[in-house]
Amino acid sequence: MTSIRFSARATVRIEFKGLDCSMNLFSDFLASIRTAANAVAADYALQGTIDLDKVTAEPPREPTHGDIATNAAMVLTKAFGKPPRVLAEAIAAKLSEHTDVAHVDIAGPGFINIRLRQTVWPRLLDAALSLGESYGGSRLGGGLKANVEYVSANPTGPLHVGHCRGAVFGDALAQLLTETGFDVTREYYINDAGAQVDTVARSAFLRYREALGETIGEIPSGLYPGDYLKPVGAVLAREHGDGLLALDEAQWLPIVRTKAMAMMMDLIRDDLAALNIRQEVFFSEKSLHDSGEVADTIADLRAAGHVYQGSLPPPKGEVPDDWEDREQTLFRATAFGDDMDRPLLKSDGSFTYFASDVAYSRNKIRRGYKELIYILGADHGGYVKRLEAVAAAVAGPGAVKVVVRLCQLVKLYRAGEPVRMSKRAGEFVTLRDVVDEVGPDVVRFMMLFRKNEAPLDFDFAKVTEQSKDNPVFYVQYAHARTCSVLRNAEAEGLSGGKPDFALLTDPAEMGIIRRIAEYPRLLESAAIAHEPHRVAFYLYELAGEFHALWNKGKESPQLRFILKEDLETTITRLAFLRVIRYVLANGLRILGVRPADEM
RNA sequence: GACCCCGUAGCUCAGUUGGAUAGAGCGAGUGCCUUCUAAGCACUAGGUCACAGGUUCGAAUCCUGUCGGGGUCGCCA
């Protein structure tokens with residue numbers, strides 16, 4: 001909420017803050033526009049508070065409309081009691097006093113179009129040049145503690161291709177939030193407390209007997225048949241000899257389970273490392289039970305009056321055959337916006353999975369996170385409301401922000417043909433298969449070159465193509481090209497010297513400069529929307545403009561970066577190239593894609 | 001039955017959270033290109049933003065409804 005309170009004053013003298021070190025042209029100008037609106041309000045001797053939240057400063061779609069457009073006159077017309085065009089005149093008059101403003105137009109229903117002085121751009125580039133690869137970052141988040149939980153796959157085997165997207169998305173979002181000033185923790189929730197981990201243990205036990213020389217034959221259905229459990233059996237055999245064979249299941253199960261969990265998590269961490277993902281917290285569900293936190297959490301909720309005994313209505317539509325009305329211990333989630341109340345205890349009195357979910361949320365909240373971000377598969381759409389309800393019940397309504405981002409499915413293709421995946425044992429495509437085939441950079445970029453909630457087609461043939469059709473290649477190639485010219489320049493002894501960015505005047509160059517100026521704003525809006533894909537699209541566009549400028553150098557040699565007969569321009573263009581490279585490198589770093597020096 | 005997501009050019013998708021004449025790539029058509037790094041460059045055509053209402057200065061974007069596609073819906077994890 002940004003509002004101004006002002007009192008009537010006869011004369012209004014305003015001082016604009018110059019463009020400052022935040023290097024976000026648009027947020028700086030938004031402040032100036034608000035200052036101008038404030039001054040106009042004082043001229044009109046308005047009383048009271050005016051909401052300036054809806055005032056924006058953005059790049060106009062049409063470059064001919066100027067450098068910055070604002071809707072101020074239109075959104076404030078009601079509050080000021082003046083027609084938009086009249087108000088626009090008044091605000092424009094104030095804005096034209098700004099030292100960086102060349103002139104101000106009013107267009108259409110009341111847009112104020114600001115044309116900046118040419119001197120602004122060299123200053124911006126100078127600043128970007130000195131900031132280097134950190135240009136684009138901001139303090140938007142103000143150090144807010146945010147927790148990004150992603151992957152959290154069950155530790156029953158290696159990650160499969162379905163985990164790719166959430167893994168990459170979560171990682172990129174975490175990095176985006178880090179660059180925009182949030183204090184981010186990357187976290188993985190290990191579901192190591194349910195019945196399925198016992199199944200893993202039993203499967204591993206078979207492999208143990210196999211490792212001792214026994215013939216185990218076909219793995220019974222209901223157990224995990226994958227070869228990846230063989231090493232677990234081997235390690236158990238090495239550590240225990242045949243000692244476990246003499247024990248009852250109740251005795252060997254915990255031993256085998258612990259070992260199997262540890263080794264499965266190592267496997268998963270390796271898979272993630274192949275995608276350059278390293279989460280700093282791996283949180284065990286079992287630890288919540290062992291520490292008594294699950295029970296404590298339910299006790300707390302009960303004390304707060306959010307728990308009751310009752311039964312839930314059967315699902316509408318198709319009622320399952322085995323439906324029985326049962327009394328359970330329920331959390332009153334509907335009081336916090338959920339569609340139905342959620343069971344904490346099963347009818348036999350044991351904890352539900354949801355109970356540990358609640359305890360886990362409470363644990364995060366107690367660790368001080370103000371924003372809990374969950375990256376889930378699209379089949380978890382039903383989780384959104386219950387996660388919000390839990391946070392509201394535990395922390396108090398509105399105390400903690402819950403953000404759930406759902407990632408749609410990835411469909412694999414091989415030269416246009418869908419890759420068939422049988423659910424039968426061993427025939428699923430693993431994450432490792434994909435990464436090994438096309439490399440982490442391609443996987444990461446392609447997973448982010450789509451809105452998260454839109455389904456994604458991944459064609460092995462297309463993503464390794466070297467053409468404009470392949471955005472990964474296109475963007476990396478742009479970065480490599482900048483490096484290549486800088487290398488050539490260095491080889492010719494052309495490095496160093498002070499650039500004079502006022503020499504950059506070609507429309508193609510100006511277009512790139514404007515796009516670079518938008519970068520900090522782009523990062524902020526992507527962070528607010530939790531949409532890292534915007535960074536990928538931005539890079540694709542920047543790369544496109546850069547390649548176009550490059551190609552103009554063919555027809556118009558005076559536009560080339562290295563001009564042997566014009567040292568001053570060369571030095572300037574090399575510095576310009578460096579700034580382009582910084583932005584590409586910064587964006588690629590957020591996406592977790594290696595900026596290639598040569599290709 | 002309820003809830004969530006999606007529906008934009010022939011195809012695959014963006015669309016700066018409500019802005020101005022809705023954009024890009026591929027495909028199609030036309031013309032160029034022997035290179036500061038080759039895998040190209042420029043231009044043209046292509047649209048009832050699923051449909052119907054509503055909100056307001058202004059809607060692809062927000063609200064309601066309809067149609068179509070996908071997902072989910074008590075003890076599994």
Side-chain angles (χ1 to χ4, degrees), chain A residues 26 54 56 58-62 65 69-71 73-75 77-78 83-85 107-111 113 154 156 191 193-197 285 311-318 320 323-326 328 330 338-343 345-348 350-354 356-357 377-385 404 406 408-409 449-457 462 465-471 473-474 477 480-481 484-485 488-489 492 518 521-522 524-526 528-529 531 533-534 536-538 540-541 544 547-548 550-555 557 560-564 598-599:
Chain A
F26 299 94
K54 302 193 98 165
T56 60
E58 51 190 12
R61 209 196 319 267
E62 276 291 321
H65 288 151
T70 178
N71 61 1
M74 292 174 289
V75 298
T77 180
K78 220 170 246 174
R85 301 281 305 202
F111 284 102
N113 291 325
N154 295 332
T156 57
N191 296 132
Q196 64 180 348
V197 296
E285 179 191 2
S311 58
L312 291 166
K316 302 284 197 234
E318 201 178 331
W323 175 267
E324 265 181 68
D325 196 36
R326 292 192 181 105
Q328 298 171 258
L330 299 169
D338 201 354
D339 297 324
M340 60 171 76
D341 294 335
R342 303 287 170 183
L345 299 182
K346 302 178 194 173
S347 45
D348 67 3
S350 60
F351 296 119
T352 60
Y353 179 77
F354 177 70
S356 22
D357 256 3
D379 55 341
H380 286 63
Y383 272 61
V384 179
K385 286 181 180 175
V404 182
L406 302 173
Q408 269 290 352
L409 295 176
F449 200 60
R450 191 112 314 174
K451 259 188 312 217
N452 55 293
E453 64 263 28
L456 185 149
D457 294 342
K462 231 171 209 170
E465 216 169 79
Q466 301 204 334
S467 74
K468 191 167 185 181
D469 201 13
N470 177 1
F473 166 77
Y474 198 63
Y477 185 40
R481 262 186 167 165
S484 157
V485 180
N488 290 348
E492 304 205 18
E518 282 174 40
R521 180 172 184 271
L522 178 278
E524 289 193 354
S525 63
I528 290 168
E531 290 185 349
H533 76 272
R534 292 191 193 184
F537 280 95
Y538 173 89
Y540 184 66
E541 284 164 11
H547 287 307
W550 178 282
N551 285 306
K552 277 184 93 173
K554 292 179 194 170
E555 287 172 13
R560 296 186 178 197
F561 294 100
I562 298 177
L563 300 174
K564 290 196 176 119
E598 52 189 328
M599 299 187 75

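These values consider heavy atoms only, across backbone and side chains, with no hydrogens, waters or symmetry-generated copies.
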Using a cut-off of less than 4.0 Å, is there contact between a side-chain N or O of Arg450(A) and OP1 or OP2 of G15(B)? no
I need the NE2-C1' distance between His547(A) and C36(B), as an integer number of Å. 15 Å
Please work out if Ala69(A) contacts a base, only the sugar-phosphate, or nothing of the nucleic acid, heavy-atom cut-off 4.0 Å. base
Heavy atoms only, 4.0 Å cut-off, all strands: where does Asn154(A) land among base, sugar-phosphate and nothing? sugar-phosphate
If the cut-off is 4.0 Å, is Lys554(A) near the phosphate of C36(B), judged by side-chain N/O to OP1 or OP2? no
Could you spell out the base pairing of RNA chain B in dot-bracket, with Watson-Crick or G-U pairs whose two distances are under 3.5 Å, [ ] crossing and | to another strand? (((((((..((((.....[...)))).(((((.......))))).....(((((..]....))))))))))))....
Scan Gly108(A) against the nucleic acid and name what it touches under 4.0 Å (heavy atoms): base, sugar-phosphate only, or nothing. nothing
Report the residue (Pro455(A) or Pro343(A)) whose heavy-atom-nearest nucleotide on RNA chain B is the more 5′ of the two. Pro455(A)
If stacking means aromatic ring centre less than 5.5 angstrom from the base's six-membered ring centre, planes under 30°, is Trp550(A) stacked on C36(B)? yes
How many Å lie between NE2 on His533(A) and C1' on U12(B), as a whole number? 15 Å
Consider the side chain of Lys346(A), meaning its heavy atoms from C-beta on, and name the nucleotide among C36(B), C76(B), U17(B) that approaches it most closely. C76(B)
Pairwise P distance for G46(B) and G58(B), with rounding to whole Å: 29 Å
